[in-house]
Amino acid sequence: GQLAQVSRPPLIHQHSRINNLTAVFGSLASPGISTITNHLALATSAKIIASTHHNLRPLTSAQIDVISAAQLDKNLSDIGGDPVIIDAGACLNLTKILSDRRASALWLSQSLICAKSIIYVVMANDNGMTYLSEFVSDFNKVINPPKILYVLNQQRFDRKGEVIQGKFLELIGSQNHVQVPYDRRSEHSHSGGLARFWRNTTFNKQIAKISSH
């Protein structure tokens, strides 16, 4: 019992929400969390905080601090006044991670507790809608939740896409949302070169819409 306690990281101290902090979460098997984070950081001149326990993320010209989950607490205490975005990662049940003491769960729970607003990215397919249904049901149980914006990512404008769109809108109800179209060029989030080529595409306009929220 004593060894088990030693191996666990300390429980999180309660933090107040940080006005200039946004956290980007997403459903399981939902590519696009880091891509949306990168583009949003460039659009708002924000710094990104990402975790060392995540997989390799797409490159970006935005400022980024890659830290361990144990360092997040101190990093947030020295956040300053400029906008900051946490690449929080995938999560389905926010209420469960609040009592989970693993490093990956600590990263998610601190992101949830400290962020003034969160963005939840879900893939525009059947699996995405299944995950979204579970997330929404659980999020309704979160006490004093932050503001949330739902993002339907890689939306396609065909018959199947219309069905997915209908399910998405039904699940989130009146919550704020943005639908981001599929664009293979979105993986390039550098400030020059290819990014200038599609600056006025629908994808970039939707990123601007997320920024305004």
Side-chain angles (χ1 to χ4, degrees), residues 12 14-44 46-51 54 72 76 79 83-100 104-125 127-155 164-181 186 203 205-213:
I12 308 167
Q14 185 64 41
H15 294 279
S16 58
R17 300 206 182 279
I18 302 171
N19 289 330
N20 56 319
L21 180 66
T22 300
V24 182
F25 294 83
S27 63
L28 303 176
S30 180
I33 300 171
S34 294
T35 297
I36 294 294
T37 300
N38 286 352
H39 286 285
L40 187 59
L42 290 175
T44 59
K47 180 178 74 172
I48 298 171
I49 299 178
S51 174
H54 288 160
L72 183 59
L76 292 180
I79 199 170
V84 175
I85 305 173
I86 297 179
D87 188 341
C91 181
L92 274 186
N93 302 101
L94 291 176
T95 55
K96 289 183 179 179
I97 61 131
L98 291 174
S99 58
D100 191 332
S104 58
L106 283 172
W107 179 272
L108 291 166
S109 57
Q110 286 197 46
S111 300
L112 171 66
I113 290 169
C114 295
K116 183 70 174 180
S117 59
I118 66 174
I119 296 168
Y120 193 75
V121 181
V122 62
M123 194 61 132
N125 56 30
N127 284 339
M129 295 306 98
T130 300
Y131 294 138
L132 178 62
S133 176
E134 184 172 342
F135 177 85
V136 170
S137 176
D138 180 75
F139 187 72
N140 290 332
K141 303 172 186 176
V142 177
I143 299 173
N144 189 28
K147 290 193 308 179
I148 186 167
L149 172 71
Y150 290 96
V151 173
L152 181 64
N153 193 32
Q154 297 192 13
Q155 168 71 347
I164 294 296
Q165 180 189 51
K167 290 181 180 178
F168 174 74
L169 295 175
E170 180 182 354
L171 286 170
I172 65 170
S174 60
Q175 298 283 356
N176 289 329
H177 67 277
V178 173
Q179 299 180 46
V180 177
S186 66
F203 178 94
K205 290 176 181 177
Q206 295 305 93
I207 292 296
K209 189 173 180 181
I210 296 173
S211 302
S212 70
H213 280 284

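Basis for what follows: all heavy atoms, side chains included, without hydrogens, waters or symmetry-related copies. Since we're looking at a predicted model, the values are computed, not measured.
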Q: Kindly indicate, with the supporting measurements, whether the criterion side-chain contact (heavy atoms from CB on, under 4.5 Å) is fulfilled by Tyr120 and Leu94.
A: CA-CA 12 Å; Tyr120 193 75; Leu94 291 176; over 6 Å; no

Q: Run the side-chain contact (heavy atoms from CB on, under 4.5 Å) test on Val24 and Asp87 for me, step by step, so that the C-alpha distance in whole Å, both residues' side-chain angles and the decisive distance to 0.1 Å come before the verdict.
A: CA-CA 5 Å; Val24 182; Asp87 188 341; 5.6 Å; no

Q: Looking only at heavy atoms, what is the nearest atom pair of Pro83 and Thr44, with distance?
A: CG-O, 3.6 Å

Q: State whether the side chain of Ser133 and the backbone N or O of Met129 hold a donor-acceptor pair below 3.5 Å, judged by distance alone.
A: no

Q: For side-chain contact (heavy atoms from CB on, under 4.5 Å), just list the numbers for Ile207 and Leu42, CA-CA rounded to whole Å, side-chain angles, deciding distance to a tenth of an Å, and then say yes or no.
A: CA-CA 10 Å; Ile207 292 296; Leu42 290 175; over 6 Å; no

Q: State which residue, out of Leu152, Ile36, Leu149, Ile119, fulfils the side chain to side chain contact (heavy atoms under 4.5 Å, CB included) condition with Val178.
A: Leu149

Q: Distance from Thr130 atom OG1 to Leu92 atom CG, nearest 0.5 Å?
A: 10.0 Å

Q: Could you work out, with side chain to side chain contact (heavy atoms under 4.5 Å, CB included) as the rule, every residue matching Pro181, not counting sequence neighbours?
A: Phe157, Thr202, Phe203, Gln206

Q: With a 4.5 Å heavy-atom cut-off, do Val122 and Asn153 have their side chains touching?
A: no

Q: For Thr95, enumerate each residue passing the side-chain hydrogen bond (donor to acceptor under 3.5 Å, both in side chains) test, keeping only those at least two apart in sequence or located in another chain.
A: Asp138

Q: Could you tell me whether a side-chain N or O of Ser137 sits under 3.5 Å from a main-chain N or O of Glu134, the two making a donor and an acceptor?
A: no

Q: Show which side-chain atoms of residues 164-171 pair as donor or acceptor with protein atoms under 3.5 Å away, not counting sequence neighbours.
A:
| from | atom 1 | to | atom 2 | distance (Å) |
| --- | --- | --- | --- | --- |
| Gln165 | NE2 | Gln179 | OE1 | 2.9 |

Q: Starting at CD1 of Ile49, measure out to CD of Gln110 and round the result to the nearest 0.5 Å.
A: 10.5 Å

Q: Which residues satisfy the side-chain hydrogen bond (donor to acceptor under 3.5 Å, both in side chains) test with Ser211, sequence neighbours excluded?
A: none

Q: Nearest 0.5 angstrom please: Phe139 CZ to Gln175 CD, how far?
A: 7.0 Å

Q: What's the separation between atom CD1 in Ile113 and atom CG in Leu108, rounded to the nearest 0.5 Å?
A: 11.0 Å

Q: Atom CG in Asn144, atom CZ in Arg17: separation rounded to 0.5 Å?
A: 5.5 Å

Q: Would you mind reporting whether Leu132 and Ile172 have side-chain heavy atoms less than 4.5 Å apart?
A: yes

Q: Does Asn127 have any side chain to side chain contact (heavy atoms under 4.5 Å, CB included) partners at least two apart in sequence or in another chain, and if so, which?
A: Asn125, Tyr131

Q: List the residues meeting side chain to side chain contact (heavy atoms under 4.5 Å, CB included) with Ser111, not counting sequence neighbours, and say none if there are none.
A: Ala23, Phe25, Leu72, Ile86, Ala88, Trp107

Q: Report the residues that fulfil side-chain hydrogen bond (donor to acceptor under 3.5 Å, both in side chains) with Ser117, sequence neighbours left out, ordered by chain and then residue number.
A: Thr22

Q: What's the shortest heavy-atom distance between Met123 and Ser27, and which atoms?
A: N-OG, 4.2 Å

Q: To the closest 0.5 Å, what do you measure between SG (Cys114) and CG (Leu76)?
A: 5.0 Å

Q: Tell me, please, which residues at least two apart from Lys47 pass side-chain hydrogen bond (donor to acceptor under 3.5 Å, both in side chains).
A: Asp65

Q: If I compare all heavy atoms of Ile97 with all of Cys91, which pair ends up nearest, and what's the gap?
A: CG2-SG, 4.1 Å

Q: What closest approach, in Å, do Pro146 and Ile118 show between heavy atoms, and which atom pair accounts for it?
A: CG-CG2, 3.8 Å

Q: Mind running side-chain contact (heavy atoms from CB on, under 4.5 Å) on Thr37 and Val121 for me, showing each step along the way?
A: CA-CA 10 Å; Thr37 300; Val121 181; over 6 Å; no

